[in-house]
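This report refers to the structure that appears directly beneath it.
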Amino acid sequence: MNEERTVRLHPSWLDRLTPEFEKPYMEDLRTFLLQEKQAGKEIYPPGDEIFAALNHTPFHNVKVVILGQDPYHGPGQAHGLCFSVRPDVPVPPSLLNIYKEMASDLGISPVSHGCLISWADQGVLLLNSVLTVERNRAASHRNRGWESFTDKVVRIIDAELDGVAFILWGSYAQKKGAFINTNKHLVLTAPHPSPLSASRGFFGTRPFSKVNEWLESRGKGPVDWRLPPNPSEVNQSSMR
């Protein structure tokens, strides 16, 4: 798969992931995506944002990993960061619940937009397990190869970095992170923030303060979880 030639992928990740792009499963995935586009299907996010999580957060900057499932499948929503949407898109229900927990945990008032770029730029890797999706068809690109690729990303972090905080919301993310070495990394688990499951134990888990306490105990700077209050303050140029 030669997607790295047409999309943005930070060199620190490309150095580590180049062998993955040469494997048969990635060639199969590339063929699948080309066929879907040739069939006239809309695929999200746009090609130059498929690897946005790995572009915004260079390898050596990673201090926190939040694992999502697959991109939002509504028009204009997905831009390559899990749980995040573009500044002019309504905040999705799961992210609204994340904001509620953040307000309860840290006293941070919710903002009017759902763009989480400022987290990514501070070292929070917002990684979906599956990096593409067909319009209006949730989970339509599962089991096509992306899971192997993102497993490799998590394994690289687990092996090469120390003291990373992993936030695993929901059984899907928890299964994906089952191999993480808890002797050197923090692993926080909770139900998914979706309205379907958030009331079953997501609220009250205080992940944001726990992550910052962990980072500070390891001599790392905490994450400033506050987001720019207005969509106009989001750095649009950094979205490309």
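Atoms considered below: every heavy atom in the structure, side chains included; atoms not considered: hydrogens, waters and symmetry mates.
For the residue pair Thr132 / Trp146, a side-chain donor-acceptor distance below 3.5 Å is found, with atom types taken as modelled. At a cut-off of 3.5 Å, with distance as the only test, no side-chain donor of Arg200 or Ser197 sits close to an acceptor on the other residue. A donor and an acceptor atom, one from each side chain of His10 and Ser12, are located under 3.5 Å apart.
For Arg137, the salt bridge (charged side-chain N to carboxylate O under 4.0 Å, His left out) test picks out Glu134, with sequence neighbours left out. Partners of His185 by ring-ring contact (aromatic ring centres under 6.0 Å, His included), not counting sequence neighbours, listed by chain and number: Phe166. Residues meeting the ring-ring contact (aromatic ring centres under 6.0 Å, His included) test with Trp169, sequence neighbours left out: Phe83, Phe202. Shown here are the salt bridge (charged side-chain N to carboxylate O under 4.0 Å, His left out) partners of Asp162, two or more places apart in sequence or in another chain: Lys184.
Across all non-hydrogen atoms, the minimal contact from Leu116 to Ser84 is N-OG, 2.9 Å. The nearest pair of heavy atoms linking Val211 to Leu188 is CG2-CD1, 3.9 Å. Of all heavy-atom pairs spanning Pro45 and Leu131, the tightest one is CD-O, 3.3 Å. Annotation for Gln77 and Val89: closest pair CG-CG1, 3.8 Å, computed over non-hydrogen atoms. Shortest non-hydrogen contact noted between Asn183 and Asn181 is N-OD1, 2.8 Å. The minimum heavy-atom distance between Ser209 and Leu106, with the atom names listed, is CB-CD2, 3.8 Å.
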- Is there a side chain to side chain contact (heavy atoms under 4.5 Å, CB included) between Ile98 and Leu95 once you walk through the steps? CA-CA 5 Å; Ile98 291 171; Leu95 185 53; 4.1 Å; yes
- Query: Run the side chain to side chain contact (heavy atoms under 4.5 Å, CB included) check on Leu127 and Thr150 step by step: do they pass?
  - Reply: CA-CA 8 Å; Leu127 182 69; Thr150 53; 4.1 Å; yes
- Query: Given His79 and Cys115, is the side chain to side chain contact (heavy atoms under 4.5 Å, CB included) satisfied, shown in steps?
  - Reply: CA-CA 9 Å; His79 65 117; Cys115 186; 4.1 Å; yes
- Message: Would Trp13 and Phe21 count as a ring-ring contact (aromatic ring centres under 6.0 Å, His included) here? Give the steps.
- Response: CA-CA 12 Å; Trp13 283 112; Phe21 286 103; over 10 Å; no
- Message: Could you walk me through whether Glu27 and Glu22 satisfy the side chain to side chain contact (heavy atoms under 4.5 Å, CB included) test, starting with their C-alpha distance in whole Å, then the side-chain angles of each, then the deciding distance to 0.1 Å, before giving a yes or no?
- Response: CA-CA 7 Å; Glu27 181 59 35; Glu22 299 170 353; over 6 Å; no
- Item | Arg86/Glu49 under salt bridge (charged side-chain N to carboxylate O under 4.0 Å, His left out): CA gap, chis, key distance, verdict | CA-CA 12 Å; Arg86 299 177 187 281; Glu49 293 181 319; 2.5 Å; yes
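Looking only at side-chain heavy atoms (C-beta outward), Val91 and Val85 stay at 4.5 Å or farther from each other. Contact check for Pro207 versus Glu101: side-chain heavy atoms found under the 4.5 Å cut-off. For the pair Pro229/Ser112, no side-chain contact is recorded, criterion being any heavy-atom separation below 4.5 Å from C-beta on. Contact of the Leu81 side chain with the His56 side chain is registered, since non-hydrogen atoms from C-beta on lie closer than 4.5 Å. Two residues are said to be in side-chain contact when any heavy atoms from C-beta on lie closer than 4.5 Å; Val153 and Leu125 meet this criterion. Between Asn136 and Pro75 the shortest side-chain heavy-atom distance falls below 4.5 Å. Looking at Lys63 and Val124, their side chains never come closer than 4.5 Å, going by heavy atoms from C-beta outward. Contact check for Leu161 versus Val62: side-chain heavy atoms found under the 4.5 Å cut-off.
Of the charged side-chain nitrogens involved, at least one lies within less than 4.0 Å of a carboxylate oxygen, so that Arg16 and Glu160 count as a salt-bridged pair.
No path of Ile, Leu, Val, Met, Phe, Trp and Tyr side chains, each step under 4.5 Å between heavy atoms, connects Leu168 with Leu196, placing them in separate hydrophobic clusters. If you chain together hydrophobic residues whose side chains sit under 4.5 Å apart, Leu33 and Val133 never meet in one group. There is no path of hydrophobic side-chain contacts, each under 4.5 Å, that joins Tyr44 to Ile50.
Of the possible polar contacts, none joining the His73 side chain to the Ile43 backbone as a donor-acceptor pair under 3.5 Å is found. A donor-acceptor pair is defined here as one N or O able to donate and one able to accept, closer than 3.5 Å; no such pair exists between the side chain of Ser104 and the backbone of Lys100.
In this structure, CE in Met102 is found 12.0 Å from CG in Asn97, a value given to the nearest 0.5 Å. For the atom pair CD (Gln174) and CD1 (Ile180), the distance works out to 10.5 Å, reported to the nearest 0.5 Å. How far OG of Ser129 is from NZ of Lys176: 4.0 Å, rounded to the nearest 0.5 Å. Taking NZ of Lys23 as the reference point, atom CG of Leu17 lies at 10.0 Å (rounded to 0.5 Å). Taking OG of Ser194 as the start and CG of Leu96 as the end, the distance is 11.5 Å to the nearest 0.5 Å. Here Asp121 contributes atom CG and Asn61 contributes atom CG; the two are 9.5 Å apart, rounded to the nearest 0.5 Å.
In this structure, Arg142 satisfies the cation-pi test against Tyr172, with its NZ or CZ atom closer than 6.0 Å to the six-membered ring centre and inside 45 degrees of the ring normal. For the pair Arg155 and Phe179, the distance from NZ or CZ to the six-membered ring centre is under 6.0 Å and the angle to the ring normal is within 45 degrees.
A ring pair (Phe, Tyr, Trp, His ring centres under 6.0 Å) check over residues 116-145, counting only residues at least two apart or in different chains, returns the pairs Phe32-His141, Trp119-Trp225. Within the structure, every pair that satisfies the salt bridge (charged side-chain N to carboxylate O under 4.0 Å, His left out) test and touches residues 213-224, not counting sequence neighbours, is listed here: Asp224-Arg226.
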